[in-house]
Amino acid sequence: MEKKLFQAESKRLLDLMIHSIYTHKEIFLRELISNGSDAMDKLHYLSLTDETARGVVDKFQMKLTVDPEKRELILSDTGIGMTLEELEANLGTIAKSGSLQFKEEMTKAENHEQDTVDIIGQFGVGFYSAFMVSKKVTVITKAYNSDQAYCWESEGADGYTITPCEKDGVGTTIIMTLLDDTEEEKYSEYLETYKLKSLVKKYSDYVRYPIVMDVEKSRPIEKEEADENEEIEYETYVEEETLNSMIPIWQRSRSEVSDEDCNQYYKEKFYDHEDPILTLRVNAEGAITYKAMLFIPSHTPYGYYTKEFEKGLQLYSSGVMIMDKCADLLPEHFRFVKGIVDSQDLSLNISRELLQHDRQLKVIASNIEKKIKSELQKLMKNHREKYEQFFGQFGLQLKYGVVSDFGMHKETLQDLLLFHSSTENKLVSLKEYVERMKEDQPYIYYACGESVKKIDQLPQTEPVREKGYEMLYLVDDIDEFVFQTLMKYADKEFKSINGDDLGLESDADKKQMEEQIEENKDLLTFVKEALKDSVHRVILSKKLKSHPVCLSSDSPISLEMEKYFKAMPGGATPDMKAERVLELNPNHAVFTALQDAYKNDQEKAKKYAEILYYQALLIADISLEDPARYTDLVCELMK
């Protein structure tokens, strides 16, 4: 029996495949099962046109067997098998793919489209992954339409032997003698029933043929006369168990799968205790054919808004899992979506663990993004309560998506946003707001604050209310950044109630204000000097009605933004602080008192100025810089 060298000649090449191509050693079982599935596909395909091939096997299946004493893991299939020449060609030449060659031959012979014969294997290196866990691999195979079986045997890169042998029935049996355990690797775990079942479930659950295994179980011993006080005795027995479910739920038609089936699958697959709020089915055909089943959870997962949270969809190729979390399939703003994408058109690299061409992935990802958006819009329109439940959990993610990447995704996300309405007293979309705008309304007005209740009490809201215009209340830290990124919606600009020009003044109002500013310019300078660097400017307000004072900003950084930056680790730096503007109401009695004090008692006027500034801080919900000073000033006035 002559030992033959691998035609690839290089021990280095085999070492590379065993130690470098695959990320995880456990992947070997996926590869061997995929090869077995290919072999049964070939025989099944031939049986469609070849009468001799029909009835060659009783049933198509793969069987896993373990022999702990010999440290052997055995995988058998009832596929097409291999002749001596095919053994030499497929197992004697590294990176030779019998599956790919078969597919090409069938395509040419039948003039079929490339995807008519659906075969998983494309590279021919999957078999050699067995050497990652084995010190010796034996292959016993008998080809369809052949009377002779052969045994291929190898201990690695030194070469292999092929000898004639006996085998009942066509198919292939792979016997792996596992490596000895080390401190780093426990190869014995691949002899454990639990481990093998979990690997089949993880990677090969949707291979179309049954993967069976004899599993030891226990049951109570039945007795003719049972004694209530007697302990129940158990016996062990062996039962053949099918380890894979074979037909993926996403491959079944909608009529075959109920909503309850989808919900149950989601909860089991993604370890959630609640039903998803929305299930999306995709069946795409075209340049790239794929199926997808996507789920939007009803609540944010644990640790969702942390760096540790991993996004991504499970990626399958013809029912075999390629990646557990393919991040490239989901944009960051839809990172909450869970689910599966299955395509036989993906160009995988040699290990099947990565994609060869990201163009295919980008096409699928783009289509999925559009599908998610359209389904969320339908949910908002047809099931508003459900959408608001979703938005309560993931609205922040959508808002972060608007702001991220310099606003690149704002067009995609703007119609999915909701904000509290001052007139409707509920969440509304930007589209709904614009549809209700009055004909003479120049802007989309908004106000920022910690809560709806606190915003309602802001003095700056009065002139907008007086006009009967609707305002959007922004209560999340990110909201104002969102509006600055959007800039406008449906050609209507956003305008903060703290803005200088709200577009609400008449010409007469403007003229009156100009006169008042001229009359009080010395007083405004005095107040500014009294407050020193606490404020950037002191002005007469165009927006105050019943209140004497308010605080606004003279820079792109608003007061709410300053609060946000201040709450961040390290606090707000000087360039992240608002340039505070103290606005005084010239038509209020308090302003008249300030004028009198300025004319008659400037020390008192300075104290008035400080009190008004502190009051403006309180109204803006900003912590007082010196609470004791404010208390002293108030007490002095009460004497």
Crowding at [atom1], [X] (>12 non-hydrogen neighbours, <6.0 Å):
| X | atom1 | value |
| --- | --- | --- |
| Lys431 | NZ | no |
| Asp440 | CG | yes |
| Lys606 | NZ | no |

**Study point:** side-chain contact (heavy atoms from CB on, under 4.5 Å) partner of Leu582, chosen from Leu531, Leu617, Ile539
**Key:**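 Filter result, single survivor: Leu531.
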Please determine if [X] and [Y] form a salt bridge, counting it only when a charged side-chain N lies under 4.0 Å from a carboxylate O.
| X | Y | value |
| --- | --- | --- |
| Lys511 | Glu514 | no |
| Asp476 | Lys399 | yes |
| Arg465 | Asp456 | yes |
| Glu610 | Arg629 | yes |
| Arg537 | Glu579 | no |
| Glu432 | Arg384 | yes |
| Lys532 | Glu529 | no |

Check your understanding: Is there side-chain contact between Glu493 and Met487, with at least one heavy-atom pair below 4.5 Å?
Key ->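 Glu493 does not reach Met487 side chain to side chain.
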Exercise for review: Compare all side-chain heavy atoms of Val257 with those of Cys262 and state whether any distance is below 4.5 angstrom.
Suggested key: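 Yes - at least one pair of side-chain heavy atoms lies under 4.5 Å apart.
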Check your understanding: Is the Phe390 ring parallel, tilted or perpendicular to the Tyr387 ring (thresholds 30°, 60°)?
Key ->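 Plane angle between 30° and 60°, so tilted.
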Practice item. Return the orientation label for the His409 and His333 ring planes: parallel under 30°, perpendicular over 60°, tilted otherwise. Key: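 Tilted: the ring planes of His409 and His333 meet at 30° to 60°.
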Is a donor from one side chain sitting under 3.5 angstrom from an acceptor on the other, for [X] and [Y]?
| X | Y | result |
| --- | --- | --- |
| Tyr266 | Asp275 | no |
| Asp415 | Tyr489 | yes |
| Glu332 | Tyr400 | no |

**Study point:** Within 45° cone of Tyr469 ring axis and under 6.0 Å: Arg436 NZ or CZ
**Key:**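 No.
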**Study point:** Phe591/Tyr598 aromatic ring centres below 6.0 Å
**Key:**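 They do not qualify: ring centres at least 6.0 Å apart.
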Practice item. Determine whether the aromatic ring centres of Trp250 and Tyr206 lie less than 6.0 Å apart. Key: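 Yes, they do, as the ring centres are separated by less than 6.0 Å.
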